[in-house]
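Letters go in sequence order (proteins before strands), and every chain restarts at 1.
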Number of protein chains: 2
Amino acid sequence: MDDSNYVDLDEETLFLVSQTFKALSDPTRIRILNLLFNREFSVNEISEQLHLRQSTVSHQLRFLKNLRLVKFRREGTSIYYSHDDEHVLNVLNETIQHALHH
Amino acid sequence: MDDSNYVDLDEETLFLVSQTFKALSDPTRIRILNLLFNREFSVNEISEQLHLRQSTVSHQLRFLKNLRLVKFRREGTSIYYSHDDEHVLNVLNETIQHALHH
DNA sequence: TGTTTATATGAGTATATGTGCATATATGTA
DNA sequence: TACATATATGCACATATACTCATATAAACA
């Protein structure tokens, strides 16, 4: 069989890929990203919409922010978060649709 | 803004999606799936190729098997594993390529 | 400046996860 | 049957993770 396309993954790539999927491996983060799919929400809005503690949302947003999966803008005392990675969001959405229809 | 497409995810979908990504969130499992991309390998072959303990490979294959991401066939005393989910493998490959070229 | 509102963060805790060792199981062969 | 080889599995342990509470930080405004 032809396995000439096989390339051993370097450590940096492995880390980046695993971190990306780790972001999508937690139900809370999936719910947040799914909520942000269409528009931006403030931390409080996310908290209320998903029935999560403010600190829980804030912790998870930091996680997603560090991976550059979400971006934010300040408006007064509120901070509005929105998604910031088309590729990852597409992967998530595809997999959700795949799960919903199978 | 239009958020009419937003649907709260049911628990079962959330679990399935998060489990799928959890499978892809570990460097060892990523390396195994990446190895199996082109052809099947026995447990020992995987172990040798990736410099992993036999038990580690076996444990992770069980994980992947439970999620139906790999399938296997017996040949004598060896068991050959191969991938069994085109969608997940595509998602993984896309994300690896994305990471390699960015 | 003091107060209110919104968000971020540190510490503690319970649980989940990944790995290795030792051993069990299963197949093949003498 | 006895033994060798290949794989699976139970247990123990170290580490990672997600959540909560309490508190810190930051902006708006009286």
Side-chain angles (χ1 to χ4, degrees), chain A residues 9 11 14-36 40-84, chain B residues 9 11 14-36 40-84:
Chain A
L9 300 171
E11 212 163 314
L14 264 181
F15 182 74
L16 183 57
V17 172
S18 63
Q19 281 295 107
T20 301
F21 287 123
K22 192 159 289 177
L24 303 176
S25 72
D26 176 70
T28 299
R29 288 193 290 270
I30 293 176
R31 296 178 70 212
I32 293 175
L33 287 173
N34 184 58
L35 181 64
L36 299 183
E40 63 179 8
F41 282 84
S42 72
V43 178
N44 261 346
E45 287 174 337
I46 297 172
S47 176
E48 286 165 21
Q49 189 79 38
L50 303 181
H51 307 290
L52 296 168
R53 311 261 174 186
Q54 179 267 320
S55 66
T56 297
V57 174
S58 209
H59 278 302
Q60 297 299 0
L61 285 173
R62 179 169 57 172
F63 186 110
L64 296 172
K65 189 169 60 181
N66 287 341
L67 279 172
R68 300 181 190 282
L69 300 186
V70 297
K71 60 180 188 292
F72 62 95
R73 67 178 182 87
R74 183 178 276 282
E75 189 176 305
T77 54
S78 293
I79 298 186
Y80 287 86
Y81 280 84
S82 54
H83 62 80
D84 196 29
Chain B
L9 301 170
E11 212 164 313
L14 264 182
F15 182 74
L16 183 56
V17 171
S18 63
Q19 281 296 107
T20 301
F21 287 123
K22 192 159 289 175
L24 304 176
S25 72
D26 175 69
T28 300
R29 288 192 291 269
I30 293 176
R31 295 178 71 211
I32 292 175
L33 288 172
N34 184 58
L35 181 65
L36 299 182
E40 64 179 8
F41 283 83
S42 73
V43 178
N44 261 348
E45 288 174 336
I46 298 172
S47 177
E48 286 164 21
Q49 189 81 37
L50 302 182
H51 308 290
L52 295 169
R53 311 262 173 184
Q54 179 267 320
S55 67
T56 297
V57 174
S58 209
H59 279 304
Q60 297 299 359
L61 285 172
R62 178 168 57 172
F63 186 110
L64 297 171
K65 189 170 60 183
N66 287 341
L67 278 171
R68 299 179 191 283
L69 300 187
V70 297
K71 61 181 187 290
F72 62 96
R73 68 180 182 85
R74 182 178 277 281
E75 187 176 306
T77 54
S78 295
I79 298 186
Y80 287 87
Y81 280 84
S82 54
H83 62 81
D84 197 29

Nearest whole Å is fine: how far is [N] [atom2] from [X] [atom1]?
X: B/Phe41; N: D/dA6; atom1: CZ; atom2: P; value: 17 Å
X: A/Leu61; N: C/dT7; atom1: CG; atom2: P; value: 10 Å
X: A/Ile32; N: C/dT7; atom1: CD1; atom2: C1'; value: 14 Å
X: B/Tyr80; N: D/dA6; atom1: OH; atom2: P; value: 10 Å
X: B/Arg73; N: D/dT7; atom1: CZ; atom2: C1'; value: 15 Å
X: A/Leu67; N: D/dT17; atom1: CG; atom2: P; value: 11 Å

- request: Identify whether any heavy atom of B/Ser78 sits under 4.0 Å from a base atom; if not, whether one sits that close to sugar-phosphate; answer base, sugar-phosphate or nothing.
  value: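 Sugar-phosphate, no base atom in range.
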task: At under 4.0 Å between heavy atoms, which parts of nucleotides 16-21 of chain C does protein reach? Answer with one letter per nucleotide, 5' to 3': B base, S sugar-phosphate only, - none.
output: -SSBBB
query: Does any N or O donor sit under 3.5 Å from an N or O acceptor when you compare the side chain of A/Gln54 with the base of C/dA6?
result: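 No.
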query: Among C/dG28, D/dA8, D/dA27, which is the nearest nucleotide to the side chain of B/Ile79?
result: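 So the side chain of B/Ile79 is nearest to D/dA8.
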query: Between C/dG28, C/dT7, C/dA8, which nucleotide gets closest to the side-chain atoms of B/Thr77?
result: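 Between C/dG28, C/dT7, C/dA8, the one nearest the side chain of B/Thr77 would be C/dG28.
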Side-chain N or O of A/Tyr81 closer than 4.0 Å to phosphate OP1/OP2 of C/dA6: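 Negative; the distance criterion is not met.
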- prompt: Hey, does the side chain of A/Asn44 come within less than 4.0 Å of C/dT7's phosphate (OP1/OP2), counting only N and O?
  reply: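 Checking A/Asn44 against C/dT7: at least one side-chain N or O falls below 4.0 Å of OP1 or OP2.
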